[in-house]
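As structure tokens, the structure follows; a few thoughts come after it.
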Amino acid sequence: MKHDKVLERARGKFERRQVDKLAAAIDFASRAHKGQKRLTGEPFIRHPLAVADTLIEWEMDIDSIVAGILHDTVEDTDSTIEDIEAQFGRNVAFLVNGVTKLGQIRKGMREIDTYLPQTKDNLAKLLIATGQDIRVVIIKIADRLHNLETLNSLSKSKQQKIAMESLRVFAPLADRLNMGQVRVRLEEISFQYLNNERFNFLKKQLKKRVGSASHRLDSVKQEVEAELKKQKIKYEMDGRTKSVYSLHKKLDKYEQDFDRIYDLIALRIVVGSEDDCYKVLGILHHLFIPMEGRVKDYISRPKANGYRSLHTTVQSYDENDEELFVEFQIRTHEMHEFAERGLAAGFHYNEQKLTDIYKSGGQISGLPEGMNWVADLHKTAERLQAGEEVDIKKLQMKLFSDRIFVYTPSGDIFDLPEGALPLDFAFRLHTDIGKTTHSVKVNGQIVGFDEPLHTGDVIEVITRSGILPKLDWIKKVITPRARTKIRAQLRKEGVHVPANESQQKPAKKT
Ligand code: MN
């Protein structure tokens, strides 16, 4: 990506003064990264330029795009946040700072397997809270997307690590923001690196099956179109093919049986109003036989990420009278835009909406109910930017209710219940680590086993072979997992464990 290309693109969308700001940022970053090269051999500046270009494509606001240009300057060059604030203002500096901090959290992550799937949603929230402004996360996603797209030049092990992290952390994050297109891109590239053989196999299968299916769909399509015209409903219809990765996941769920997957192709009908969505559903169910249990009304009950649409799978027959199942997705243009672009869509066609998010109590029309936490974060972000004191802890409490987030020295994140103690963490890492814990360092200092952990703590567990759990360890854990493991081990050693010992709650320190 060349800088004049990016500027040219920006010129089409922004005022002159904003383009000037972008040009100044490109200048600043070019000087800062001067002489640096990416592993691809390209000048480093191509990377932030590509990130900014993606952000323009996503129709983000100018400050996000400027921050996209500057996003690696603090981390990788001599430039400071103060330099950036002086030249580009508080808002840009705030965003760059957020991206830098997010990068630091993620840095050094080795044991990706410690990312438990069930924590992914909390993890997404954590990243967003750390970024403090949803735009920080969107910039980070654009950054990650480009890193994935240029993964080829890295070593095999780095490829695996980045692909795995993208699949487990960034794709769910994009999903949380309902950025459907981006999620699919992240998943497809990652999966291609993680399991190339499977990717290629499924891709071939998909092509073969979709090829014959789309031909078979023609008659169904025609039938639907004729009826929609008759009923004078304005519509756009197209087909979407299932992505390789989502096919992979579904096949795993259905014993690798392709015939149980009905949505290799889904027909999408986009109409003008909510009313029309339900009308179309009625028409489809009149024309074909709806499959039981496969009618989903995500309009009246949106998904947690704000996704809205009606889904139904119907049974029909193709021209050879063979049974044919077709999934339909029915939505309005707005719902469609939001499903594809997610939260970035808010920046796209309604910057006012954002301002509303900042200002309202989170009760704005247009922002789906499940996304209200985003509004909370935006409000906080605005207050932070205005220089107001904000109790981040309070915000975190609200978001994570009663979980704390702690790190291993290599940067892996674990969530634990509030009040968790060092041995809870040790057993959370691994039973064998827990059992042989000699001592625990929190933020570099050795602490007692009864010292509660806090969000942000970096914890190192020092083990010694030959160590065995002691009876009083039971009083020094609060998680059922650790307690069970300790009891089991004690019993194995023939230690009598009084029942009440395990019932005891830890003394809560304040
Ligand atoms: Mn970067």
Side-chain angles (χ1 to χ4, degrees), residues 1-3 5-7 21-56 60 62-110 112 127 130-133 135-155 157-166 169-170 173 186 407 409-413 458:
M1 187 56 56
K2 295 258 169 57
H3 75 273
K5 273 255 172 66
V6 174
L7 283 174
K21 190 174 182 181
L22 180 60
I26 293 175
D27 224 50
F28 182 101
S30 300
R31 269 184 280 119
H33 290 296
K34 199 173 171 148
Q36 294 178 347
K37 282 207 160 48
R38 300 199 88 210
L39 283 168
T40 53
E42 291 180 321
F44 189 89
I45 188 71
R46 298 268 175 92
H47 164 62
L49 282 169
V51 171
D53 195 59
T54 301
L55 293 168
I56 295 174
M60 296 292 288
I62 192 70
D63 280 345
S64 299
I65 296 160
V66 168
I69 289 286
L70 301 171
H71 82 269
D72 276 326
T73 55
V74 174
E75 179 100 51
D76 297 337
T77 78
D78 296 334
S79 312
T80 64
I81 264 306
E82 289 75 24
D83 297 339
I84 288 170
E85 181 163 349
Q87 199 172 338
F88 300 100
R90 197 184 176 102
N91 199 6
V92 170
F94 182 85
L95 294 173
V96 174
N97 196 30
V99 177
T100 309
K101 273 197 294 192
L102 269 193
Q104 283 161 353
I105 279 200
R106 315 280 346 109
K107 224 179 192 175
M109 193 189 59
R110 276 202 306 258
I112 187 70
L127 291 174
T130 310
Q132 288 166 355
D133 185 318
R135 290 175 299 172
V136 169
V137 176
I138 294 174
I139 296 166
K140 194 71 200 163
I141 292 174
D143 176 37
R144 172 50 54 114
L145 199 53
H146 186 245
N147 285 335
L148 267 185
E149 279 162 354
T150 52
L151 210 53
N152 239 328
S153 46
L154 298 189
S155 67
S157 74
K158 272 216 157 139
Q159 284 176 354
Q160 296 290 309
K161 177 181 150 178
I162 291 175
M164 183 67 93
E165 189 192 29
S166 301
V169 181
F170 285 89
L173 199 55
L186 290 166
Y407 307 88
S410 56
D412 293 326
I413 302 177
V458 177

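- In this structure, Ala93 and Ile81 approach most closely via the heavy-atom pair O-CD1, 3.5 Å.
- Considering CG of Leu95 and NZ of Lys140, their distance stands at 13.5 Å, rounded to 0.5 Å.
- Arg144 places a side-chain heavy atom less than 4.5 Å from the side chain of Ile162.
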In sequence, state the C-alpha distance, the side-chain angles, and the governing distance for Ile84 and Val92, and then conclude on side chain to side chain contact (heavy atoms under 4.5 Å, CB included).
-> CA-CA 8 Å; Ile84 288 170; Val92 170; 4.1 Å; yes
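- Side-chain contact check for Thr150 and Arg38: at least one donor-acceptor pair (N or O, by modelled atom type) lies under 3.5 Å.
- The salt bridge (Lys or Arg N to Asp or Glu O under 4.0 Å) test applied to Glu85 returns no partner, not counting sequence neighbours.
- In this structure Phe88 satisfies the ring-ring contact (aromatic ring centres under 6.0 Å, His included) test together with Phe28, sequence neighbours excluded.
- At a cut-off of 3.5 Å, with distance as the only test, a side-chain donor of Thr80 or Asp83 sits close to an acceptor on the other residue.
- By the side-chain contact (heavy atoms from CB on, under 4.5 Å) test, Lys158 is found to be paired with Leu154, Ser155, residues two or more places apart in sequence or in another chain being considered.
- In this view, Gln36 and His33 satisfy the side chain to side chain donor-acceptor pair (under 3.5 Å) rule, not counting sequence neighbours.
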Checking side chain to side chain contact (heavy atoms under 4.5 Å, CB included) for the pair Val99/Val74: CA distance, chi angles, key distance, verdict?
-> CA-CA 10 Å; Val99 177; Val74 174; over 6 Å; no
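- Remark: Thr73 engages no residue in a side chain to side chain donor-acceptor pair (under 3.5 Å) (not counting sequence neighbours).
- Under the rule for a salt bridge (Lys or Arg N to Asp or Glu O under 4.0 Å), the partners of Arg31 that lie at least two apart in sequence or sit in another chain are Asp27.
- Put simply, CG on Leu22 and CD1 on Ile26 are 4.5 Å apart, with the number rounded to the nearest 0.5 Å.
- Checked against side chain to side chain donor-acceptor pair (under 3.5 Å), Glu149 has the following partners two or more places apart in sequence or in another chain: Arg185.
- Between Leu70 and Ala25 the shortest heavy-atom distance is CD2-O, 3.8 Å.
- Across Ile139 and Gly68, no two heavy atoms sit closer than the pair CG2-CA, 4.1 Å.
- Here Asp63 pairs with Lys21 under the salt bridge (Lys or Arg N to Asp or Glu O under 4.0 Å) rule; sequence neighbours left out.
- Not counting sequence neighbours, the partners of His47 by the side chain to side chain donor-acceptor pair (under 3.5 Å) test are His71, Asp72, Asp143, His146.
- Looking at residues two or more places apart in sequence or on another chain, you find a side-chain contact (heavy atoms from CB on, under 4.5 Å) between Ala23 and Leu7.
- To the nearest 0.5 Å, atom OG of residue Ser64 and atom CG of residue Leu55 are 6.5 Å apart.
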Stepwise side chain to side chain contact (heavy atoms under 4.5 Å, CB included) check, Ile141 with Leu186 = CA-CA 9 Å; Ile141 292 174; Leu186 290 166; 4.2 Å; yes
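- Under the 3.5 Å distance criterion, the side-chain polar atoms of Glu165 are left unmatched by any main-chain donor or acceptor of Phe170.
- Closest heavy-atom contact between Thr77 and Ala32: CG2-O, 3.4 Å.
- Scanning both residues, Leu151 and Gln159, for their nearest heavy atoms gives O-NE2, 3.2 Å.
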